[in-house]
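Take a look at the structure set out below.
Protein chains get the first letters and strands the later ones, always in sequence-line order, with residue 1 at the start of each. Values reported hereafter were calculated over all heavy atoms of this structure, with side chains retained and with hydrogens, waters and symmetry mates removed.
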There are 2 protein chains.
Amino acid sequence: MLTIGKLGSKAGVKVPTIRYYEQIGLLPEAERSAGNQRLYGSKALERLAFIRHARDLGFTLEAIRDLLSLSDNPDQSCAAADAIAKAQLLEVENRLARLTALKAELERMVVQCAGGRIADCRVIEVLGDHSLCATDHLHPETEETP
Amino acid sequence: MLTIGKLGSKAGVKVPTIRYYEQIGLLPEAERSAGNQRLYGSKALERLAFIRHARDLGFTLEAIRDLLSLSDNPDQSCAAADAIAKAQLLEVENRLARLTALKAELERMVVQCAGGRIADCRVIEVLGDHSLCATDHLHPETEETP
DNA sequence: CTAATGTCTCTAGCAACTATAGCTTCAAGG
DNA sequence: CCTTGAAGCTATAGTTGCTAGAGACATTAG
């Protein structure tokens, strides 16, 4: 049995994050020791690794919740899991496209900066006027993890 | 003079967002009409467009605050503005690299899904075991806007 | 046995908004 | 002139995915 700290270091997840996952129901309530400390077995480690990996791949906790409940019922069709992954792929492709446009724009800005005074600075100028942009890099839709 | 709604639709920014920007000091306190409604002139529109554009380019509000204070004092060297833009460019390049690895992994997952039962689903399987991954798509470091 | 970690709960904070509630003001139609 | 509906106001709370802190108990190394 692992304490929360051991579990965290094995899975590469910080301790408060584990407690947070338990709190929002992604992880089941842990067993407790006599002294009320959480104890975890290998199943919890697997589940946490799953969550961690899916987070690394950019899935939201909501999507992960769905994926976990799918993997808890292994007899169903995997169409749902496939759909979630495909949606995530689309999302990522979208962001890639936007980021690529952004990068081009930032490069243009930086290259054109003459290094003189602010009054001549292309960075400031371009930021003040979207029509100076070469591409449309619109509304990156603030979200989290790619 | 524009009302907050007109300003918002001209700049492509939602009304509560404008009030929020005022609240955190990115926009100066607006003039008020007799009936206490905010009124904006063209300077405010420019400033808001600047903010909006910089947000679209992925700058944080903190970076934007700095850029605005630079553009408010146009007699300085533009080295600072240039540095902010360069840092932002690096950031974007980083994210691009990570996203590209992610995309490859997601594509692999999706392609390999045979469409059978969860028990055989590659999506679930890969999520449970990082060693099945072809690339290192590690820790995308949760942030906002690309 | 003591000191140093580790863990516990609870609360508050981060970015960058968005949404809600309950009110006032404004512009246009009848 | 009056009413109705949209748009504005303030203030507060919620969102996502954590992270940080306080103050108290548990465990372990020396």
[X] vs [N]: side-chain N/O to OP1/OP2 distance below 4.0 Å:
X: A:Thr17; N: D:dG17; result: no
X: B:Lys14; N: C:dC17; result: no
X: B:Tyr21; N: C:dA16; result: no

Rounding to a whole Å, what distance do you find between [X]:[atom1] and [N]:[atom2]?
X: A:Ile18; N: D:dG17; atom1: CD1; atom2: P; result: 17 Å
X: A:Phe59; N: D:dT16; atom1: CZ; atom2: P; result: 18 Å
X: B:Lys10; N: D:dA7; atom1: NZ; atom2: P; result: 17 Å
X: B:Tyr20; N: D:dA13; atom1: OH; atom2: C1'; result: 15 Å
X: B:Leu2; N: D:dA7; atom1: CG; atom2: P; result: 15 Å
X: B:Glu22; N: C:dA16; atom1: CD; atom2: C1'; result: 17 Å
X: A:Ile24; N: D:dT16; atom1: CD1; atom2: P; result: 9 Å
X: B:Glu91; N: C:dA15; atom1: CD; atom2: P; result: 16 Å

>> Holding to side-chain contact (heavy atoms from CB on, under 4.5 Å), I want the full list of residues that pass it with A:Ala49, two or more places apart in sequence or in another chain.
In response: none

> Pairs in or reaching into residues 59-68 of chain A: which pass salt bridge (charged side-chain N to carboxylate O under 4.0 Å, His left out), with residues at least two apart or in two chains?
Replying inline: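 Residue pairs with at least one partner in residues 59-68 of chain A: A:Glu62-A:Arg65.
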
> For the side chain of A:Gln88 and the backbone of A:Gly58, is there at least one donor-acceptor N/O pair under 3.5 Å apart?
Replying inline: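 Checked: pair present.
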
> Hey, which of these two, B:Ser33 or B:Leu61, hits DNA chain C nearer its 5' end, going by closest nucleotide?
Replying inline: B:Leu61

>> Apply the hydrophobic cluster definition, ILVMFWY joined by side-chain contacts under 4.5 Å directly or through others, and give me every member besides A:Leu39.
In response: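 Members alongside A:Leu39: A:Met1.
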
> What side chain to side chain donor-acceptor pair (under 3.5 Å) pairs are there with at least one residue in residues 14-35 of chain B, not counting sequence neighbours?
Replying inline: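 Residue pairs with at least one partner in residues 14-35 of chain B: B:Glu22-B:Arg38, B:Arg32-B:Asn36.
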
> Are B:Ile84 and B:Leu90 connected in the hydrophobic side-chain network, where two residues link if heavy atoms are under 4.5 Å apart?
Replying inline: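 B:Ile84 does not cluster with B:Leu90.
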
> With sequence neighbours left out, what residues match B:Glu46 under salt bridge (Lys or Arg N to Asp or Glu O under 4.0 Å)?
Replying inline: none

> Which nucleotides of nucleotides 3-12 of chain C have their base under 4.0 Å from a protein heavy atom (B), which only their sugar-phosphate (S), and which neither (-), written as one string 5' to 3'?
Replying inline: ---BSSB---

